[in-house]
Amino acid sequence: MVGMGPSHSSPKEVKNCSDPRWLRTDMGWDIVPWGFEKLLSWIQKEYSPKGGILVTENGCAVRETTEEEAVNDGARMEYLQGYLSQMHKAISKGVEVKG
């Protein structure tokens, strides 16, 4: 989970940690959908960006070894469903998300 400092005028402290129980992409990146909701909520609270938060990219690296795996892209669909669900949760709490 990423933790950040208390205000935009003070230096930020970022702590990046990983849990061996979390799923990972084929590039070794942690898959933590609930962290996305927390990040969006923190950005809204900390900065209240005019026009909302613009999410421009979110995806994961998945190695497909067969055409069947590429066509039935279950891992990527599960990843996106988790992150979109958490983005919806943030929006339902008042976070202004665009894009």
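For clarity, every value in this text was computed on a predicted model and none was experimentally measured. Positions are given from 1 along the sequence.
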- Query: When clusters are formed by joining ILVMFWY residues with side-chain heavy atoms under 4.5 Å apart, either directly or through shared neighbours, do L84 and I31 land in the same one?
  - Reply: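 Yes; tracing contacts between hydrophobic side chains, which count when under 4.5 Å, links both residues.
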- Query: Do you reckon M77 sits in the same ILVMFWY cluster as V32, going by side-chain contacts under 4.5 Å, direct or chained?
  - Reply: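 Different clusters: M77 never reaches V32 through Ile, Leu, Val, Met, Phe, Trp or Tyr contacts under 4.5 Å.
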Straight-line distance of [X] [atom1] to [Y] [atom2], nearest 0.5 Å:
X   : Y   : atom1 : atom2 : value
C17 : D30 : SG    : CG    : 8.5 Å
E67 : N72 : CD    : CG    : 10.0 Å
D26 : C60 : CG    : SG    : 8.5 Å

- Query: Looking at residues at least two apart in the chain, or sitting in another chain, which of them share a side chain to side chain donor-acceptor pair (under 3.5 Å) with T66?
  - Reply: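 T66: no side chain to side chain donor-acceptor pair (under 3.5 Å) contacts found.
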- Is any side-chain heavy atom of T25 less than 4.5 Å from a side-chain heavy atom of V62?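 No - every pair of side-chain heavy atoms lies 4.5 Å or more apart.
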- Residues forming a ring-ring contact (aromatic ring centres under 6.0 Å, His included) with Y83, sequence neighbours excluded: F36, Y79
- With ILVMFWY side chains joined below 4.5 Å, transitively, what does W29's cluster contain besides itself? M27
- Message: Using modelled atom types and a 3.5 Å cut-off, is there a donor and acceptor pairing between side-chain atoms of D19 and backbone atoms of R21?
- Response: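 Such a contact is found between D19 side chain and R21 backbone.
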- Using only heavy-atom distances, determine whether the side chains of E69 and T65 contain a donor-acceptor pair under 3.5 Å. yes
- Item | Contact list for residues 54-73, test ring-ring contact (aromatic ring centres under 6.0 Å, His included), sequence neighbours left out | none
- Under the salt bridge (Lys or Arg N to Asp or Glu O under 4.0 Å) test, which residues partner E64, sequence neighbours left out? R76
Considering only distance and modelled atom types, tabulate donor-acceptor pairs under 3.5 Å from the side chains of residues 86-99, sequence neighbours left out.
from, atom 1, to, atom 2, distance (Å)
S92, OG, K89, O, 2.7
K93, NZ, E37, OE2, 3.3

